[in-house]
Amino acid sequence: MAFMPNLQGWFPWSSSTNRSLLDVLNLAFILVYLVGLFSAAVNGENIGRNRSKNWVFLVVSVCCAVTSIAYFTAGFLQSLVIYFVRGLIWIALAVSLNIQPGRSLRIIVSLWWFLFSLLISAVNVDDLVKNQSLDTIEIVSWLVSLFLLFCSIRLSFRHHEYEDKESDQSLSQSLLITKKENKVELKKAGIFSRLAFSWLNPLLKVGRCKPLSLSDIPSLDSEDEALLAYHKFAKEWEFQKNNSRSKNLVLYALAKCYLKEMLLVGLYALLKTISISSSPLLLYAFVSYSYREDDELAWGLSLVVCLILTKVVESLSQRHWFFDSRRCGMRMRSALMAAIFQKQFRLSSLGRRNHSAGEIVNYIAVDAYRLGEFPWWFHMAWSHPIQLFCSVVILFSAVGYGALPGLVPLVICGALNVPFAKILQGYQSKFMVAQDERLRATSAVLNNMKIIKLQSWEEHFRKVIESLRGIEFKWLTETQEKKTFGTALYWMSPTIVSAVVFAGTAFMGSAPLDAVTIFTVLASLRVMAEPVRMLPEILSVLIQVKVSLDRIEVFLQEDEVKEDVVKRYPLLNSELSIKIKNGVFSWEPNSSIPTLKNVNLDFRRGEKISVCGAVGSGKSSLLSAILGEMPKISGSVDIYGSVAYVSQSSWIQSGTIRDNILYGKPMNKPRYEMAIRACALDKDIENFDHGDMTEIGQRGLNMSGGQKQRIQLARAVYNDADIYLLDDPFSAVDAHTGAILFHDCVMSALQEKTVILVTHQVEFLAETDRILVMDNGSVVQSGSYMEILKSGTTFEQLVHAHQSSMTAVDSVKKQEFGDQFESSVQQPLKQSSESEITAPSSIQITEDEETEIGDAGWKPYKDYLQVSRGYIHFILAILSQSAFFFFQILSTYWLAVTVQMTRIGAGLVVGVYAALSIFSCFFVYTRSWISARLGLKASKEFFSAFMDSVFKAPMLFFDSTPIGRILTRASSDMSILDYDLPYCISFVIAGAIEIIGIILIMAKVTWQVLLVAIPVTMLMVYVQRYYLASARELVRINGTTKAPVVNYVGETILGVVTIKAFAMTERFIQTNLQLIDTDATLFFHTIAAMEWVLIRVEALQNLTILTSALFLVLLPQGTIAPGFVGLALSYALTLSSAQVFTTRWYSGLENYIISVERIKQFMHIEPEPPAVIGDRRPPPSWPSQGSIDFQDLKVKYRPTAPYVLKGITCRIVAGNKVGVVGRTGSGKTTLIGALFRLLEPAAGRILIDGLDICSIGLKDLRMKLSIIPQEPTLFRGTVRSNMDPLGLHSDQDIWEALEKCQLKATISSIPSGLDSSVNDDGENWSAGQRQLFCLGRVLLRKNKILVLDEATASIDSATDAVLQRIIRQEFTSCTVVTIAHRVPTVTDSDMVMVLSYGKLVEHEKPSVLMERSDSYFAKLVAEYWCNSKRDSS
């Protein structure tokens, strides 16, 4: 028994006190247990069903019941209330052994039994040591408590069995939920459930059992939905506009809508401010209590109760402030997003010019989202100054005038924050500008990657992007390094201020420098530190919010389309379809010269009207006037019946082909099939692997221009409207398909409809009922084909221009082919879509985005450190933070020790404290600097590896991956790596070390607190892991819900005219509201889940604080010196806020680390073959001849996909001009892709001058081939940089090339010459000029092989003629391979290759093929000739 005396130090107070403390702990557990039971009952759980059926638990519960009877009996016999209390405790224990509904309650009761057994054993051992005896009833209860310890261990081992059962139950419940309406539980939740966010439990339970999907997330209550938010805002907006207010309309409207919510959140913010500000007063009271001379336990316990109340109010008010403010912000955001979206449908043409599509998208993606955080920042703006004021008042009340000197460094530090914030803001603005430039260039490169690879410019453009990233990185470095000074200033300011206050107090003698004064001052300074740091940032954010409000207000007040521009009537029995009387219209309402003038037109039902005229004559403007899109100056427009509109540039939505054709209407199978046949889509759809369910990617990336136009036309046909407005729908299709569309669609399928057809195809005019010829905004001629051909010059000029090009073809053909050609065209060839040669297969080219599911563990962190090579930085950051906190503790520990020593002077006390504190700031600066360097290093390495991988990726990767997916990683994910991740890691390290340090300090003063702190820590880890299982998926899903909102807005802006014409505005508005609600649902549950975990970890840490406070109060007087009481409590009071800080940043870190996963996915793309193979480089003169041999060439897009080219064998003789023809999708473009090795041959070979092109590097191959691509591509920069991106040629060479391609005169007339600017995509140059630029590049390179990839399909006849003449003159000795729809382009070729279904069906001279009437080529020529000559018949 020698060890017994050593136990006397365990509990330095009396046995009765020990047992009273144990009773308090038991009562606390009983309270938690009862709340848990109540919560389970409220949630509808069958409590009785969860009754334990284990015989061991039943036996022990009986023992507990017997023990409770013994205590009740003793209570009656001895008249002691405490025995009745213990009897109740044992009854509660008996109940808890039988009923434990829910996993969390089982954990709590298990912990209760465990702690109770250990503590009662410790108390009994202590009694035995001191008194050498125990009461019989205590011995009995001790024995039963040991049974409880056994039950606790047994329950812990059985815990996983319960988890499996609950997993099955919750999964089945989630399946049942899907059958019902899955709504947020908040509205039905009780008061306690609302306070503790327990209404979120069902969702988190599902998330614990399986990775969450979008279908698992409950939908919003109606009060949070965008529809209600918009209606409230729209009503107030109209009121504010009509109330003659001129400024801040959006702000006032939002204020009126959400005044009640803002007042409630304001109450929460006020309660939180008061509770935080009162913590120095509580500390003052506790330390004063430690100086007591008599026993005032009631006063001490009342302080503990005040502490509990303060912490509960602080926790609840802060959590609900944060949640409700963001919820209110979410409603504001939804209202504004809906308002902006709906405004775009009402914008006038002038309004659209004032706000580009990109700007409107930004109003939603940036400005509206920024307002989502506005309520939170708004309440911070007034509550922080109050918190600062309260702290200053407490400071003065504690030390009197001694606080005055401390205000000087406080004001200086606060003032320094303002210029420092401005400097940071300046750096960040420059960073954002640089980032925008880099993203603009990246977007341009990604959108034009095909031409970049064809020209072998990857290295150049990668250097361009890396140079822009270098500028961006410079400002990022400046920002991050300056932030380290800000961190040091933040930590140094309380130290300097406290040291000056202590010095001032000692010098003035305004207050004694005892424990009460010192720790009250330190607590006050901690409270005021956050407002001092945050106020400049709050001001900055509110300024940004004001800018966003102003931008949205300007947009919402923009000019709208007038309601009375067009009057619409039902069709009824009217013979009229459209009537325009004395119409004068202008795109510029204030212009003296109208766009359309003196328009008087009547269109009768069933009439087919064609509108023609020169470029800029007003054809498309006429359709806009009919649709009501052009401002009307005078006159009237009446429309009888419904309208369908087909725009000149095809507008296709992301989705399936079927979705685009049905366009929101129900499926009518016969009409649907008729629309597909009439628009020549039947063969295309048959040959798609997924038929009409084939997905159309962004911008229709996996559809040809002709396919997109035909889908758009099919949409109009299926709509079954009364009036059809077709704006040049045949421009993107070949002659044969154009003829099919005109005859089968316009003239047959729409036979009974009124059709107004704007067209440049003169060959179709003769078959329409009436022709309108426009010139200079007026209808100058109207009548049948023959009537107007005889009556005026304008139409005659148009016909003559077309005939002159056909005469050239005619003369060539008559010379080469003789009379049989003439006879062939006498038989009008009108092939149906059945004979069209189309693509053999089309695959779902857009792949689903790869996402990680579940907990990725430590792998992303390991990847982050490995890629950045930052293990040393990471370890140094931990060591620096540990050293910082150690010296911080040491400085306050010095105060706690020396405050008891009267012989040490105040000057020495303050001096050593200041020195230690300031020295600690060196380490926090070091930690911040190391973290910044780690982040910068990671940013650099990740960006470099990412861009390297993307630029080396094969073309198939860009075809199957939406550009937005790559850009997201290059922008938002990269931004997280740049800014958020380094400091997030740093803050998590800092928070974790601070929590550990605080608990160690508390344990140093009262080690018994560890008995609570250790289990609490274990519980907190469990709660956080429980939360993160769902939170991680919520954030991942939320990352996919914002993009559809933004994409939908961007997509809709481009199709506003089409949507309004089809009267589909309401459907698009409803879809947009659904997308907004989906995004808001994820945001709502993400913020709610965050508050759910924070309120629980706060509550758990508050248990630790409560335990520490109880021990300090219940300890006998003099056991712990007042200095150490102040030390322990000053840190203890910050424990819950430190825990919240750490949990919040750790949760953020878990979410941010997903960006590392996402970027890493694109860092290991399988690369295309190397650019240069050192030992297999071709001779510099290669190819000297230019011959091309295709030997059994087979090509497929993917290993599992079918062949697209199926064994092509032919030889192109050096110097020959070869035309490649075939229907859409026959393999023409794939053949060119194989020649440039955009696709590697699956079998066979391609030889150029006898050299296998697959044996050399890609750069060596592509630099020796020239191409004029289908879409002329220019990049932002200058004429010089576009003509010669690699800088290989002199200015003289460039001017010579420009002269040859007819651009010298134009560029010479511009003062800046070769330095003349080129905008994005060459928007400031015409389509013809852009095509001539591409020709100029080819002239500079002077290669032996030239490819024209459908280069003449989208340019006018004049540019086409210039292009062909220059090619004939400059490339006489070169091999020229031409893919073209226009017959004149290929009929004078040396040879023609005809492709069909990926096979070479003909390869011969054109004259030979024309002699065979059954040849594919003869049919193509005859079709073109027939359609072109039809007008002369």
Side-chain angles (χ1 to χ4, degrees), residues 279 283 311 487-488 490-492 494-495 498 518-519 522-523 525-527 529-530 874-897 912-913 915-928 930-931 985-1021 1024 1097-1098 1100-1109 1111-1112 1120 1123-1146 1149:
S279 59
L283 182 62
K311 281 295 174 183
T487 305
Y490 171 68
W491 285 105
M492 281 177 68
T495 301
S498 58
I518 286 173
F519 288 103
L522 290 177
L525 292 174
R526 279 200 185 106
V527 171
E530 188 185 8
F874 181 68
I875 293 165
L876 287 175
I878 294 173
L879 292 175
S880 299
Q881 180 61 32
S882 301
F884 159 71
F885 200 70
F886 171 75
F887 281 105
Q888 283 275 306
I889 292 170
L890 198 61
S891 63
T892 48
Y893 193 83
W894 162 259
L895 291 175
V897 171
V912 172
Y913 164 76
L916 287 171
S917 298
I918 292 171
F919 184 61
S920 73
C921 293
F922 164 76
F923 289 103
V924 79
Y925 169 76
T926 305
R927 186 262 294 165
S928 298
I930 290 169
S931 298
I985 292 171
S986 174
F987 289 153
V988 170
I989 292 169
I993 290 170
E994 185 175 356
I995 290 168
I996 294 167
I998 290 170
I999 291 173
L1000 289 176
I1001 290 168
M1002 292 162 66
K1004 172 67 180 71
V1005 178
T1006 51
W1007 72 265
Q1008 294 87 351
V1009 81
L1010 288 175
L1011 293 171
V1012 175
I1014 291 170
V1016 158
T1017 304
M1018 292 165 64
L1019 269 174
M1020 279 196 306
V1021 170
Q1024 286 187 195
V1097 297
E1098 265 189 299
L1100 288 169
Q1101 283 297 22
N1102 285 339
L1103 278 178
T1104 310
I1105 298 169
L1106 171 62
T1107 306
S1108 178
F1111 275 106
L1112 291 171
I1120 298 177
F1124 287 103
V1125 172
L1127 176 69
L1129 274 177
S1130 66
Y1131 278 102
L1133 289 173
T1134 64
L1135 180 61
S1136 59
S1137 58
Q1139 183 63 56
V1140 167
F1141 175 87
T1142 307
T1143 302
R1144 187 178 288 280
W1145 281 106
Y1146 176 65
L1149 178 60

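The figures here come from the full heavy-atom set of this structure, side chains too, leaving out hydrogens, waters and symmetry mates.
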Verdict with supporting geometry, Leu522 and Phe519, side-chain contact (heavy atoms from CB on, under 4.5 Å)
CA-CA 5 Å; Leu522 290 177; Phe519 288 103; 4.1 Å; yes
Quick one: pull up CG in Leu1133 and OG in Ser1108 and give me the separation to the nearest 0.5 Å.
9.0 Å
Heavy-atom pair with the smallest gap, counting every atom of Ala896 and Leu1127
CB-CB, 4.0 Å
side-chain contact (heavy atoms from CB on, under 4.5 Å) evaluation trace for Leu1112 with Val1005:
CA-CA 9 Å; Leu1112 291 171; Val1005 178; 4.0 Å; yes
Using every non-hydrogen atom in the two residues, find where Leu1010 and Pro1015 come nearest and quote the distance to one decimal.
O-CD, 3.9 Å
Take a 6.0 Å sphere around CZ of Phe885 and say whether it holds more than 12 heavy atoms from other residues, nucleotides or ligands.
yes
Closest contact, heavy atoms only, Met1002 versus Ala1128
CG-O, 4.1 Å
Would you check if the side chain of Thr1143 reaches a backbone N or O of Val1140 as a donor-acceptor pair within less than 3.5 Å?
no
Taking all non-hydrogen atoms of both residues into account, name the closest pair between Ala1013 and Thr1017 and its distance.
O-OG1, 2.7 Å
Where do Val1097 and Met1020 come nearest, in terms of heavy atoms and distance?
O-SD, 3.8 Å
Reported CD1-to-CD1 distance for the pair Ile993 and Ile998, which is rounded to 0.5 angstrom
12.0 Å
Taking atom CG of Leu895 and atom CD1 of Ile518, what is their separation to the nearest 0.5 Å?
5.0 Å
Return yes when atom CZ of Phe1141 has more than 12 non-hydrogen atoms of other residues, nucleotides or ligands closer than 6.0 Å, and no otherwise.
yes
Measure the CZ-CD distance between Phe987 and Gln881 for me, rounded to the nearest 0.5 Å.
10.0 Å
Using the side chain to side chain contact (heavy atoms under 4.5 Å, CB included) criterion, which residues pair with Ser920? Sequence neighbours excluded.
Phe884, Phe887, Gln888
SG on Cys921 to CG on Leu916, rounded to 0.5 Å
11.0 Å
Can you tell me how far apart CZ (Phe922) and CZ (Phe919) are? Round to the nearest 0.5 Å.
7.0 Å
Sequence neighbours left out, what passes side chain to side chain contact (heavy atoms under 4.5 Å, CB included) with Ile995? Give chain and number order.
Ile999, Gln1101, Leu1135, Ala1138, Gln1139, Thr1142
Output, in order, the C-alpha distance, side-chain angles, deciding distance and verdict of side-chain contact (heavy atoms from CB on, under 4.5 Å) for Ser1136 and Ile1105.
CA-CA 8 Å; Ser1136 59; Ile1105 298 169; 4.2 Å; yes
Here's one to test your reading of the geometry: is the NZ or CZ of Arg526 within 45 degrees of the ring axis of Tyr1131 and under 6.0 Å from its centre?
yes
Please enumerate all residues that pass salt bridge (Lys or Arg N to Asp or Glu O under 4.0 Å) together with Arg1144, with sequence neighbours excluded.
Glu1091
Could you give me the CA-CA distance, side-chain angles and deciding distance for Ser931 and Ile985, then say whether side-chain contact (heavy atoms from CB on, under 4.5 Å) is met?
CA-CA 8 Å; Ser931 298; Ile985 292 171; over 6 Å; no
What is the minimum heavy-atom distance between Phe923 and Ser880, and which atoms define it?
CB-O, 3.5 Å
